[in-house]
Asks: 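Just passing along the structure, written as structure tokens.
Reminder, nothing fancy here: chain letters follow the sequence lines and each chain counts from 1.
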There are 2 protein chains.
Amino acid sequence: MVKKPTIKDVARRAGVSIATVSFVLNNSPGQVISEPVKKKVMKAAKALNYHPSAIAAGLASRRTGNIAIVFYRSPDLISNQYYSFVLEGAIREAARRGYNLFFSYVDAEYGAAEELPKVVREGNTDGVIFVKQVHPQMVRDIESRAIPVVVIDHFPRTSDVNAIEIDNFRGAEMAAEHLIALGHRRIACLFACGDRPSIQGRLDGYRHAMELAGIPLHDRDSLVDCGDLGFEAGLESALHLLSRKRRPTAILCVNDELAAGVLRAAHGAGLSVPSDLSVTGFDNITMSRFTDPPITTVSGDKEELGAHAIRRLVEIIARKSADKIQEVLPVSLIVRNSTAVAP
Amino acid sequence: MVKKPTIKDVARRAGVSIATVSFVLNNSPGQVISEPVKKKVMKAAKALNYHPSAIAAGLASRRTGNIAIVFYRSPDLISNQYYSFVLEGAIREAARRGYNLFFSYVDAEYGAAEELPKVVREGNTDGVIFVKQVHPQMVRDIESRAIPVVVIDHFPRTSDVNAIEIDNFRGAEMAAEHLIALGHRRIACLFACGDRPSIQGRLDGYRHAMELAGIPLHDRDSLVDCGDLGFEAGLESALHLLSRKRRPTAILCVNDELAAGVLRAAHGAGLSVPSDLSVTGFDNITMSRFTDPPITTVSGDKEELGAHAIRRLVEIIARKSADKIQEVLPVSLIVRNSTAVAP
DNA sequence: CTGAAAGCGCTTACAG
DNA sequence: CTGAAAGCGCTTACAG
């Protein structure tokens, strides 16, 4: 059983006070330590394989070195391909900045401060990242404890929160422009969860591109609410859509799973993609490369989304600055074989 | 700016000492507190919305209330569907047990104790869960600090480690038995990363079922190393395999992505699945339901894998017991439309 | 340039 | 049944 060396052990071995050890190891600003002393301390610390207790340092300094990333409880948030990439980016960046990352869930309801995330209530984190959903009052309660908050894909869309998202509007617009450039006019849009800002942005982008192209939108025909964003929902909705007398020549889907469902529906209806029907997705999840045909889709840098959130948070922690800003990360269109010139 | 109330505030409001507050709130064993005093303390704590500082409690009690889950750095570990479910199960169970969960990465190389995970070096965790890969010496170094370790899908396969995995052997065996029962004899096995124990177990299960059925295995023909476990690898390997004079009537794949690639290859080769060729996968990832046809696969309870690891760890932390055991979680065969009677 | 000392907010023997 | 006090391992004004 090895017991962790303490700062005292280092001080004794180096022949200095524990204060000096602390100054050297933390490179404390305003403290000038002579080179020889510095060397002695470093050597002793190294020899003992000393690492300061995060807990003790946290208690004394009032900063924990931890960041919490909080998800609203939802059946498949993390196993959701999309957010798992975000997570991965966040973990890497946090490690690079010397922060540990806590993971936690929080319930959808928020009554009183009593229900703040455990890590917040117990003073165990220097900052919080929320993913997707957020309760505005909870954010305020957290920030009132001097703990900054950054939200990824914020929903609802309040403006008094630090937020980052990918450019959903421009992404859908690019997909629509791509289809229009291929000569399509009857372009339907499959969506769901229209109240989420990320989806809303995509719908708006689609609408805007259609408008610019002078294509009138008959909402009843063009916009199809699938109920949810899964494969089966896309399949069912496309089956209906494709059985209409004047069926669309292209379908823009707000995510890749829906698009995969559409592909299956087209197959079932005896339509060939892309010669009879063009299909676009959104998100560039792994599966979108493996469908038959591979799906033309919109891709944002998901890992960067997570990394950027950490960077923002660390900056705010350091500067204690408090202007709330919303940032948008660029997206790109990835053209694959599910889209072609209109028939 | 709200400042967190401390134990002193509660003590003052309740008219008792801070020790009493601590006893009441922690339900300290061996301390008998009168009901009226208990009530007073609880009321005061509630009124102030007091929650003990995890940091201060950690320093005083020498337990942090944190568990770390550590991944070896690898490009797609978390975004890997499989492990994201494991993660999800772990987060839930940890929360239920009152533990916070740290996430971190560690490099594949391990030289000295110097390179232990940061949370371990800094005394910030009560236990560690490794996912998939593990460096035996690192485990020993961590345990020598009285921090227990549990490994999920341990690799390499040392026996002096607490480990949990799904029943890979039995899973592959079931898949093979299923194919054999359908009358198949020429059953190829697509695999990769044969040195990983999870894959190794699957290979052994396949071999065992074939042996029991008295089907001779010509390793060169039957066992195909795809190089990696991805879709494209499965596609390429199947293309070769299916162009042979005596092609197999069934292909057992060690994971679903390979199986999806095989489906595509069959399609490209003009073979119909399942009438011309049966295909099985492993893992039951989301995509396996969406391929055409949906894939017959083996499913373990991935969330349970994560949850169980947490439970084990918490038990070991509580009991300080140290017998190393390896557990295996059951799996089930999910029959879908990619398998049928041999042609 | 360095050290002695207070204090961070708890827990836990130890008394009574 | 309850309280006074030491101590967990650090950081950080404050002296010198």
Asks: Expressed as a whole number of angstroms, how long is the span from A:I7:CD1 to C:dA5:P?
Replies: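 Rounding to the nearest Å, CD1 of A:I7 and P of C:dA5 are 16 Å apart.
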
Asks: Starting at the 5' end of DNA chain D and moving along, which residue's nearest nucleotide shows up first, B:T20 or B:L59?
Replies: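 The 5'-side residue here is B:T20.
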
Asks: If D:dC14 has a Watson-Crick or G-U wobble mate with both distances under 3.5 Å, name it; if not, just say none.
Replies: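 When the pairing criteria are applied, C:dG3 turns out to be the nucleotide that pairs with D:dC14.
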
Asks: If you measure from the Lys or Arg side-chain nitrogens to the Asp or Glu carboxylate oxygens, is any gap between A:E143 and A:K324 under 4.0 Å?
Replies: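 Counted as a salt bridge, because a side-chain N and a carboxylate O are separated by less than 4.0 Å.
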
Asks: Is the closest side-chain heavy-atom distance between B:E303 and B:V86 below 4.5 Å?
Replies: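 The answer is no; the side chains never approach within 4.5 Å.
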
Asks: Can you tell me if B:S61 touches the phosphate of C:dT11, counting only side-chain N or O atoms and a distance under 4.0 Å to OP1 or OP2?
Replies: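 Checking B:S61 against C:dT11: no side-chain N or O falls below 4.0 Å of OP1 or OP2.
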
Asks: Can A:R96 and A:E93 be counted as an ion pair, charged N to O under 4.0 angstrom?
Replies: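 Salt bridge between A:R96 and A:E93, a charged N being under 4.0 Å from a carboxylate O: yes.
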
Asks: Judged by each residue's nearest nucleotide on DNA chain D, which is more toward the 5′ side, A:V21 or B:S34?
Replies: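 The residue mapped nearer the 5' terminus is B:S34.
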
Asks: Would you check if B:R97 and B:R311 make a side-chain contact, meaning some heavy-atom pair closer than 4.5 Å?
Replies: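 Of all side-chain heavy-atom pairs linking B:R311 with B:R97, at least one is under 4.5 Å.
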
Asks: Looking only at side chains, do B:D126 and B:T64 share a donor and an acceptor under 3.5 Å apart?
Replies: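 Short answer, yes.
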
Asks: Could you check which residues of residues 35-56 of chain A get a heavy atom under 4.0 Å from DNA chain D? Sort them by number, please.
Replies: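 Here the set is A:Y50, A:P52, A:S53, A:A56.
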
Asks: Can you measure A:R12 atom CZ to D:dC10 atom C1' for me and round it to whole angstrom units?
Replies: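 Nearest whole value for this atom pair: 15 Å.
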
Asks: C:dT11, C:dA13, C:dC1: which one has an atom nearest the side-chain heavy atoms of B:F23?
Replies: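 Minimum distance to the B:F23 side chain belongs to C:dA13.
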
Asks: Would you say D:dG7 has OP1 or OP2 under 4.0 Å from some side-chain N or O of B:R62?
Replies: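 For D:dG7, OP1/OP2 do not have a side-chain N/O of B:R62 under 4.0 Å.
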
Asks: Answer yes if the side chains of B:E327 and B:H308 hold a donor-acceptor pair under 3.5 Å, and no otherwise.
Replies: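 Per modelled atom types, B:E327 and B:H308 side chains form a pair under 3.5 Å.
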
Asks: In this structure, how many angstroms lie between the C1' atom of C:dG9 and the CG atom of B:D9, rounded?
Replies: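 The distance from CG of B:D9 to C1' of C:dG9 comes to 11 Å, rounded to the nearest Å.
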
Asks: Is the shortest side-chain N/O distance from B:S22 to OP1 or OP2 of C:dT11 below 4.0 Å?
Replies: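 Indeed, a polar side-chain atom of B:S22 lies that close.
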
Asks: Roughly how many Å is it from CZ in A:R121 to P in C:dG9, rounded to a whole number?
Replies: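 Rounded to the whole Å, the gap is 19 Å.
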
Asks: With a cut-off of less than 4.0 Å, is there a side-chain N or O of B:R63 near OP1 or OP2 of D:dC8?
Replies: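 For D:dC8, neither OP1 nor OP2 has a side-chain N or O of B:R63 closer than 4.0 Å.
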
Asks: Please work out if B:A19 contacts a base, only the sugar-phosphate, or nothing of the nucleic acid, heavy-atom cut-off 4.0 Å.
Replies: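 Base, at least one base heavy atom under 4.0 Å.
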
Asks: Roughly how many Å is it from NZ in B:K8 to C1' in D:dG3, rounded to a whole number?
Replies: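 Nearest whole value for this atom pair: 15 Å.
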
Asks: Could you tell me how far apart B:I18 (CD1) and C:dG7 (C1') are, to the nearest whole angstrom?
Replies: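 Atom-to-atom, B:I18 to C:dG7, this comes out as 13 Å.
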
Asks: Is it the case that A:D141 and A:Y110 place a side-chain donor and acceptor less than 3.5 Å from each other?
Replies: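 A:D141 vs A:Y110: donor-acceptor pair found between side chains.
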
Asks: Within the 4.5 Å heavy-atom criterion, are B:F130 and B:F71 side-chain neighbours or not?
Replies: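 No, their side chains stay 4.5 Å or more apart.
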
Asks: B:A60 has a side chain; which of D:dT11, C:dC10, C:dG3 sits nearest to it?
Replies: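 Given the options D:dT11, C:dC10, C:dG3, the side chain of B:A60 is closest to C:dC10.
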
Asks: Could you check how far NZ of A:K4 sits from P of D:dC8, rounded to whole Å?
Replies: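 It works out to 15 Å between those atoms.
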
Asks: State which of D:dC10, D:dT11, C:dC8 makes the closest approach to the side chain of A:N26.
Replies: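 Output: D:dT11.
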
